[in-house]
Q: 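One structure coming up, written as structure tokens, with questions to follow.
Every chain is numbered from 1, with letters handed out A, B, ... down the list of sequences.
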2 protein chains.
Amino acid sequence: MTTLSNGAAASEPAPERSRQWPTMVDVARASGASLKTVSRVVNGEPGVRPVTAERVQRAIAELGFQRNDGASMLRRGSSTASIGMVLEDFSGPFYAMLAGAVERVARDRGYLMLTGAAENDPERAARLVAAFTARRVDGLIVAASRADHSDLDDCIPAGTRAVFVDRPSRRGDADSVSSDNEGGTRAAVRHLVDLGHTSLGFLGADEHSWTIRRRLDGYRSAVRADPAIDPQSVERIAMGPHDDDTIAAAWSSWTSGDNPVTALVTANNRATLALVRFLRSHPEIRVGYVGFDDFEAAELIQPAVTVIAQDADEIGRRAAELLFDRIAGTAAAAQHVVIPTRLIQRDSGRR
Amino acid sequence: MTTLSNGAAASEPAPERSRQWPTMVDVARASGASLKTVSRVVNGEPGVRPVTAERVQRAIAELGFQRNDGASMLRRGSSTASIGMVLEDFSGPFYAMLAGAVERVARDRGYLMLTGAAENDPERAARLVAAFTARRVDGLIVAASRADHSDLDDCIPAGTRAVFVDRPSRRGDADSVSSDNEGGTRAAVRHLVDLGHTSLGFLGADEHSWTIRRRLDGYRSAVRADPAIDPQSVERIAMGPHDDDTIAAAWSSWTSGDNPVTALVTANNRATLALVRFLRSHPEIRVGYVGFDDFEAAELIQPAVTVIAQDADEIGRRAAELLFDRIAGTAAAAQHVVIPTRLIQRDSGRR
DNA sequence: TTGTATGCGTTATCAC
DNA sequence: GTGATAACGCATACAA
């Protein structure tokens, strides 16, 4: 049983000091080489006699030495080769794909990703950012788009690179990437009009969300711009979250007068699924609809749901690349990248 | 413009040395206090005169100082207060929920989570583990359940705490948490038999996956144990991945002889969706089925899909708690926690 | 080819 | 109360 430089026994992990790893000093002692020589071997530097290197390697293997990257980076003054990602939650398919895309880019560049969920709590988001910067991440991807989180922007130290997803930064100096939310709902409205609908409604979601408000803007502007659409449609807006009751209330109010609503645009996945569920329990209601955000089962539901699809993968990729450009030092003006949406026509548009 | 101790100007981030943060030495200089006094203030240690503390605080605010947690942890010899999570991918709903649950527990305990996806590549998984341990994470959650990843187990240094999700460790000394996969498919078979089916088939998935093999085991044992079931059912097994063609081939072979298959068990979400899609394009085929793993739209598809639901949230929570117990030093024998599955009866069982 | 001494940003010891 | 000084694990001038 070897005794380590820090006084612990190699085979017995100490309880509170997390775990005692062998250090380069231990390797040096075990191999009879000096600290510097060990360092050379570990970092693959030239100028070590093969025999010596061999001895050191053996000691490394025997002790199970692994370099402490934290200490290495501290001494080098180099970056931590890590980024932090704040997302709203993990389980939404959009955020999950986003995180996957970001991590892929990060990994390709040799970076590690720290991740945390804001879960609708601005304070939690702020704590995450603080924890990330305290660990000196090289950059931040902020994908927590609720307006409440905008205080977050001030928590990000000046000079810390950050890219915002689905919402621009309140401070204008940060890059952002988002879907073409307005264009998406505009396309949805156009599609419904093409199908013969002239009286529409908007089934919203969280009104504090920046994306949801952009989608609402798109709906409003498309409705206003088209003289064929009943102007009442501009006011037929029900923000969420929705369940059977809220949808029933909106529906009965929108169909009680003359020129009743015949088609809906839903603002996100949740709203779409709430509507589908509502229609299941009210088979007598016939309505055309287009949902924002695609989902795996959209084509399996009957009628298959026509959607405005976001390219979460592309959004994540672009956001990460933008961040790494910043990290590399590209000092250009803040960019606001808008990723196109795509209307996937299935059957739910006609009623 | 203040000049920092490391020679960079506060307002101009240096290009390659990632970013120059003010250090305690800078704060000390700016406030006229000593390094140790600054440290005391930063850490809330007693024995500082209020006036002095005030002066230091002001300097901290002015410089935008934030303690370098990496350096702090190095000096303290304390843990890094971080865990690493290796998952198969981000976008699968199961892994996404898992990651969310783990991060929630970690955050509650003041830990940060590093995450990376193995994406079917054993080498990538190994590199992730190496990167995590090089940063001295306090523990690992391994949720990469393909059998190919089992080499991974040897990459985890002895003494590094790890909890395996959905697969036990090859080295027996690590905790694991998984669904009751065998019990799940047994319940599925029982359900189908209750509905009157006596000739079954199994639509599998990746045969290298430990979970898929357990589900297959459950199917086989349930079929063998029940004399009411046609023994041919034990061999009616088609491993995946599946598309229309593979399912068509299996189906025609399983229904060509006498006592044709009338019901199927699908091994995971992907297989279930492939079957649903297949049945869409072959409306003449009528078959009962139960899918492993619930999905949001399962109740919206017609017929609504009966599933064996896994409790991903509970699995993640238990795995994380097990890990933190280990980190806290609870030195008990390795535990293998099995989380029950739940049959959610909808309509797809009867044909 | 190899080793010694110093410092990264922080905390701990101990003296003033 | 306060402040020199050493040390955490590692890399780097520079000397041998």
Q: When the distance from CG of Asp69(A) to P of dG9(D) is rounded to whole Å, what number comes out?
A: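 Whole-Å distance recorded here is 15 Å.
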Q: Under 3.5 Å, side chain of Arg167(B) to main-chain N/O of Ala144(B), donor-acceptor pair present?
A: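 Side chain of Arg167(B) to backbone of Ala144(B), a donor-acceptor pair under 3.5 Å: yes, one is there.
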Q: Do Asp138(B) and Ser79(B) meet the criterion of a side-chain donor-acceptor pair at a distance under 3.5 Å?
A: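 Checked: Asp138(B)/Ser79(B) side chains pair up, N/O donor to acceptor below 3.5 Å.
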Q: Would you kindly give the CZ-to-C1' distance between Arg67(B) and dC8(D), to the nearest whole Å?
A: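 Going from CZ in Arg67(B) over to C1' in dC8(D) covers 15 Å.
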Q: Does a donor on one side chain sit under 3.5 Å from an acceptor on the other, for Thr115(B) and Glu103(A)?
A: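 The answer is no; no qualifying pair exists.
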Q: Does a donor on one side chain sit under 3.5 Å from an acceptor on the other, for Ser72(A) and Asp69(A)?
A: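 Side chains of Ser72(A) and Asp69(A): no pair found under 3.5 Å.
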Q: Would you call Arg58(B) and Glu62(B) a salt bridge, taking side-chain N to carboxylate O under 4.0 Å as the test?
A: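 Salt bridge flag = no for Glu62(B) with Arg58(B).
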Q: For the side chain of Arg49(B), starting at C-beta, report the closest nucleotide among dG1(D), dT10(C), dT12(D).
A: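 Ranking dG1(D), dT10(C), dT12(D) by closest atom to the Arg49(B) side chain puts dG1(D) first.
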Q: With respect to the side chain of Arg76(A), which nucleotide from dC10(D), dT11(C), dA11(D) is positioned closest?
A: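 Nearest to the side-chain atoms of Arg76(A), counting from C-beta on, is dA11(D).
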Q: Please check the phosphate of dA11(D) (OP1 and OP2 only) for any side-chain N or O of Asn43(A) closer than 4.0 Å.
A: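 Checking Asn43(A) against dA11(D): at least one side-chain N or O falls below 4.0 Å of OP1 or OP2.
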Q: Using a cutoff of under 3.5 Å, can you pull out all pairs of nitrogen or oxygen atoms linking the protein to nucleotides 3-7 of chain D, with atom names and distances?
A:
from: dG3(D); atom 1: OP2; to: Ser34(B); atom 2: N; distance (Å): 3.0
from: dG3(D); atom 1: OP2; to: Ser34(B); atom 2: OG; distance (Å): 3.3
from: dG3(D); atom 1: OP2; to: Thr37(B); atom 2: OG1; distance (Å): 2.8
from: dG3(D); atom 1: N7; to: Arg40(B); atom 2: NH2; distance (Å): 2.7
from: dA7(D); atom 1: N3; to: Arg75(B); atom 2: NH1; distance (Å): 2.7

Q: Between dT11(C) atom P and Leu74(A) atom CG, what is the distance in whole Å?
A: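 The answer, rounded to whole Å, is 12 Å.
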Q: In whole Å, I'd like the distance from the CH2 atom of Trp21(A) to the P atom of dC8(D).
A: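 Computing the Trp21(A):CH2 to dC8(D):P distance gives 19 Å.
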Q: Can you tell me the distance, in whole Å, between the CD atom of Glu54(A) and the C1' atom of dT1(C)?
A: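 Computing the Glu54(A):CD to dT1(C):C1' distance gives 17 Å.
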Q: Please tell me whether Asn43(A) and Arg67(A) have a donor and an acceptor in their side chains that are separated by less than 3.5 angstrom.
A: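 Checked: Asn43(A)/Arg67(A) side chains pair up, N/O donor to acceptor below 3.5 Å.
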Q: For the backbone of Val163(B) and the side chain of Arg326(B), can you confirm whether one donor and one acceptor N or O come within less than 3.5 Å of each other?
A: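 Not confirmed, Arg326(B) side chain does not pair with Val163(B) backbone.
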Q: Gln20(A) CD to dG9(D) C1': how many Å, rounded?
A: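 Those two atoms, CD and C1', are 12 Å apart.
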Q: For Val48(A), answer base if it contacts any base atom (sugar-phosphate contacts may also be present), sugar-phosphate if it contacts only those atoms, and nothing otherwise; contact means non-hydrogen atoms under 4.0 Å.
A: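 Sugar-phosphate contact only - Val48(A) comes under 4.0 Å of backbone atoms but never of a base.
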Q: Between dT10(C), dC8(C), dC10(D), spot the one nearest the side chain of Ser72(B), thanks.
A: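 Closest nucleotide to the Ser72(B) side chain: dT10(C).
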Q: Just the rounded figure in Å: distance from C1' of dG9(C) to CG of Asn68(A).
A: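 That distance rounds to 14 Å.
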Q: Measure the distance from CE on Met73(A) to C1' on dA11(D) and round it to the nearest whole Å.
A: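 Result: 13 Å.
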